[in-house]
Amino acid sequence: MIDKRVTSCAAAVADIKDGDTVMIGGFGEAGSPIELIHALIDHGAKNLTVVNNNTGSGRIGLAALIENGQVAKMICSYPRTANSMVFPELYRSGKIELELVPQGTLAERIRAGGAGVPAFYTPTSVGTPLAEGKESRTFDGEEYVMELAIKADFALIKAKQADRYGNLTFNKTARNFAPIMAMAATNTLVQANEMVELGDIDPENVVTPGIFVNQIIEVANPQQESKLVKEGVVYP
Amino acid sequence: MIDKRVTSCAAAVADIKDGDTVMIGGFGEAGSPIELIHALIDHGAKNLTVVNNNTGSGRIGLAALIENGQVAKMICSYPRTANSMVFPELYRSGKIELELVPQGTLAERIRAGGAGVPAFYTPTSVGTPLAEGKESRTFDGEEYVMELAIKADFALIKAKQADRYGNLTFNKTARNFAPIMAMAATNTLVQANEMVELGDIDPENVVTPGIFVNQIIEVANPQQESKLVKEGVVYP
Amino acid sequence: MSNTSPESKTQESKPQAIGWSREQMAQRCAQDIEDGSYVNLGIGIPEKVAQYVPAGREVIYHTENGLLGMGTEPSAEELDPDLINAGKKPVTAIPGAAYFHHGDSFSMIRGKHIDVCVLGAMQVSEKGDLANWSTGAPDAIPAVGGAMDLVAGVKTIYIITQHTTKTGAAKILPQCSFPLTGKGVVNRIYSDLCVIDVTDDGLLLTELAPEVSFDYVQARTDVTLINAVK
Amino acid sequence: MSNTSPESKTQESKPQAIGWSREQMAQRCAQDIEDGSYVNLGIGIPEKVAQYVPAGREVIYHTENGLLGMGTEPSAEELDPDLINAGKKPVTAIPGAAYFHHGDSFSMIRGKHIDVCVLGAMQVSEKGDLANWSTGAPDAIPAVGGAMDLVAGVKTIYIITQHTTKTGAAKILPQCSFPLTGKGVVNRIYSDLCVIDVTDDGLLLTELAPEVSFDYVQARTDVTLINAVK
């Protein structure tokens, strides 16, 4: 029997090890799996490489994971947002490494990681500092840079609905990086707002098929990042 | 105002020129846009390069397009099926060219064409005759071959529902190549079983967003390939 | 499911006097499909594996034309020409199924997300090379389908095949003479005579069909086998 | 929408004595957005373009975090923290919208499916090079967002920018001194003083804001402009 449900966020993140690469879904607060991130803080794995578009807000969620000293390196496109102060401080003091990747290249590298494509060529960043040190090549008279796939040991994502096979739907723009991260990680951990029965999600409307999902925890009323930031909440 | 509906299949295919590359959706009969293909036969454009997983059945649809002498070259993975005789005959007599591509590589090359990726690496076909003459390269100790994107002047696909923006849904496994072909063609022509109002397709369930679609013709009761083949129908 | 050629089917159609029948080969293979696996079954005998997976195991079938959660054959009322498998036969979808496009479907394959693929074979080499798409005959219409993607991407490749061709020639060889589908890709062979594991040390014969001896198999195999029958 | 840096916003916040206001620049640019276009608008002044597109034109807005068919700001009841734009501001979705993941969203961008992108700028060169993501200052936190993908992939790139920095330094230069976002990517510049087309022959000044003379613009531009005002 296939039943990917687990009973707690703590159980879901239990196997994350020091030094692992962890993809975390979300674009800003939309799709950020706060409960799973907080479980990872409680769990304490260190020296992580984290892949996320941003670096979190305030002192909760991803920002708190960074502040807690668990992240050795960030791979992201935009590590600077209105309420982010944790990452900039650590970065300036040389305590965290940054691999800056254009957002579309980040998405395509993750997708490639999940699709069994080790490398591909893209026009993005040609002629800019972010192409320095990368192989370039001309196809049909246009210049492209070669980019490598990114894979992860774990992905932490947030879904709207999930069934026990791991089929997922998402809510609006909270979808963002989650489907491709689910493909690129060896272990995909999902917090879903709602568990549904097999067949409740029309097979035509499944966004992430269960084959890309390993463990699911129902978090019926997830916390809202912007609300926590506004209230000045600090985790843990 | 955006209204991609046209009034006939003939109007949809009118701009296809001799020598064009035309992607045609479908895996066997599932998703085969027979009415658009027949309009292309009536239209008469010649010397086409056609991209499809197969080469059609019987003497209707894609097989009839080939039999009519309009196809100079097929790019496909499996040009031989139970009821295909048109292609084998022309191929043996040297009257049609064949580029044989593994099915997944075909899909990924089309997807790359639509995604602005000119080339990528894949493990598929390494060590086989289909990798001969292709660049190979090692990543992390594994060998891969480089494959180039495929783009097309036109794509002919079949959808279940369409709205005037060109948002599409598909029916079951008739989806197959259609969404990636819609991305890879400069002009995507769609025959849809049903036209619906804007908003009737939930934004969460749109499979092909309208940005990839150029013209839509409603074909409420499309013909069924296997039925035509069984009845021995010949087009035109 | 992968498109294997009609040639290979013809070769496999005549059962030998002793050893497992086609059904029994499928049945034997099915014992090794684990609970919770994602499985892709090739056309022909491999398709039959699904019906023999032991009760109590939940297995999800992938068909590369865009469906995860393929069910059994449809009834007349269920039949929909838009719902077919990679062999282009009508199928059904189970509750909990998902449809997706070809790009995503082969991402599942190439990205090593599928656990097991069961395929037919024309030839298998000592090193696990597989030839199952072309005899290389100059007048043949070459057709590969998804076979090369499956062997390159799926984690475990099982082969179900008659041990020899219908003319009695060995199909398990030091080197394949037919064009390859993939190099070093086969993990295990279920023939009508035995079960063979492809290992770094060579071909390990782990199990014999009833009334079949090691010597009987060895005489029909062009590679020296290691006898590992307990 | 692309993440342009806070620095650039500060530089652009003080309007000049003569010429177009921020609203007027957006309004002028909006005249060039054609009926039926797919458009991506950067953060800041570019965002304002949407509200000035002439009546009767139907334009579909793309936001790279996964929405085609972005609508106006939500009412308090409509507000959903899961429905935001690339600037992370709450938005709505129009009837006929579609959601998709980041891989698909940037396929639209990189695959040249989007017609127009309107962005801010720190510097633009004579050849259409754009710098709008970093001043290259050693203590700055580098952040690029989707800007490099947009300029590499979108068919037409419009820039809306103050003609000079707030200290009066030229932003239109023979060469950008800041790190590039893309090389030879800009098609047209809408500044507070004029409209400039980037052409193979050089920078073509096609239109002047009221009360602004060609010489006034030329004095604030480090590249020799071609006067093409009718």
Side-chain angles (χ1 to χ4, degrees), chain B residues 27-31 53-55 57 76-82 84 87-88 91-92 98 100-108 110-112 114-115 122-131 143-144 158 160 170-183 207-208 224-227, chain C residues 2-3 5-6 63-67 70 80-93 97 99-112 129-131 133-134 136 138-153 176 178-185:
Chain B
F27 181 89
E29 73 174 316
N53 189 62
N54 306 105
T55 55
S57 280
C76 69
S77 88
Y78 207 78
R80 190 176 67 198
T81 39
S84 84
F87 177 86
Y91 180 74
R92 287 209 179 84
L98 169 66
L100 188 72
V101 183
Q103 198 171 135
T105 299
L106 182 64
E108 191 67 9
I110 294 167
R111 191 258 173 201
T122 173
T124 300
S125 89
V126 168
T128 80
L130 297 191
E143 195 182 340
Y144 298 86
K158 183 178 170 184
K160 185 166 132 197
F170 300 91
N171 186 39
K172 306 188 176 83
T173 56
R175 185 185 303 196
N176 58 69
F177 283 91
I180 52 177
M181 288 180 168
M183 291 170 66
V207 176
T208 289
Q224 194 183 312
E225 188 175 290
S226 54
K227 203 162 154 280
Chain C
S2 107
N3 299 301
S5 78
T63 180
E64 59 261 36
N65 55 316
L67 168 60
M70 182 170 59
D80 183 340
D82 282 346
L83 180 47
I84 59 175
N85 67 15
K88 306 198 174 77
K89 279 195 270 193
V91 293
T92 52
Y99 297 110
F100 33 82
H101 64 58
H102 253 78
D104 285 344
S105 185
F106 280 85
S107 291
M108 288 179 194
I109 293 171
R110 206 178 32 235
K112 298 197 189 293
D129 299 350
L130 173 67
W133 70 283
S134 165
D139 65 329
I141 308 293
V144 67
M148 287 188 183
D149 306 283
L150 286 163
V151 299
C176 298
F178 294 154
L180 292 189
T181 310
K183 233 178 142 61
V185 295

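In what follows, chains are A, B, ... by sequence order, proteins preceding strands, each numbered from 1. This one's a predicted model, so the numbers in the text were calculated from it and none came from an experiment.
Only the backbone of C/T181 comes within less than 4.5 Å of a heavy atom of chain B; no side-chain atom from C-beta onward does. Of the atoms belonging to B/V101, it is backbone heavy atoms, and not side-chain ones, that fall under 4.5 Å from chain C. Residue C/I109 does not touch chain B at all, counting heavy-atom pairs closer than 4.5 Å. Neither the backbone nor the side chain of B/F170 comes within contact range of chain C, judged by heavy atoms closer than 4.5 Å. With a 4.5 angstrom heavy-atom cutoff, B/Y91 touches chain C only via side-chain atoms. Contacts between C/D104 and chain B at a heavy-atom distance below 4.5 Å are absent for every atom of the residue. Contacts between C/F106 and chain B at a heavy-atom distance below 4.5 Å involve the side chain alone, from C-beta outward.
B/K172 pairs with exactly one of C/D80, C/N65, C/D82 by the side chain to side chain donor-acceptor pair (under 3.5 Å) rule, that one being C/D80.
The aromatic ring centroids of C/H102 and B/F27 lie less than 6.0 Å from each other.
Taking B/I110, B/I180, B/L100 one by one and counting their heavy-atom pairs under 4.5 Å with chain C, the maximum is reached by B/L100.
Taking the charged nitrogens against the carboxylate oxygens, B/E108 and C/R110 do have a contact shorter than 4.0 Å, which makes a salt bridge.
You'll find the side chain of B/T128 stays beyond 4.5 Å of the side chain of C/P179, heavy atoms only. Using a 4.5 Å cut-off on side-chain heavy atoms (C-beta onward), C/Y99 and B/T173 make contact.
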Please determine whether side chain to side chain contact (heavy atoms under 4.5 Å, CB included) holds for the pair C/M148 and B/L130, giving the CA-CA distance in whole Å, both sets of side-chain angles, and the decisive distance to 0.1 Å. CA-CA 9 Å; C/M148 287 188 183; B/L130 297 191; 3.7 Å; yes
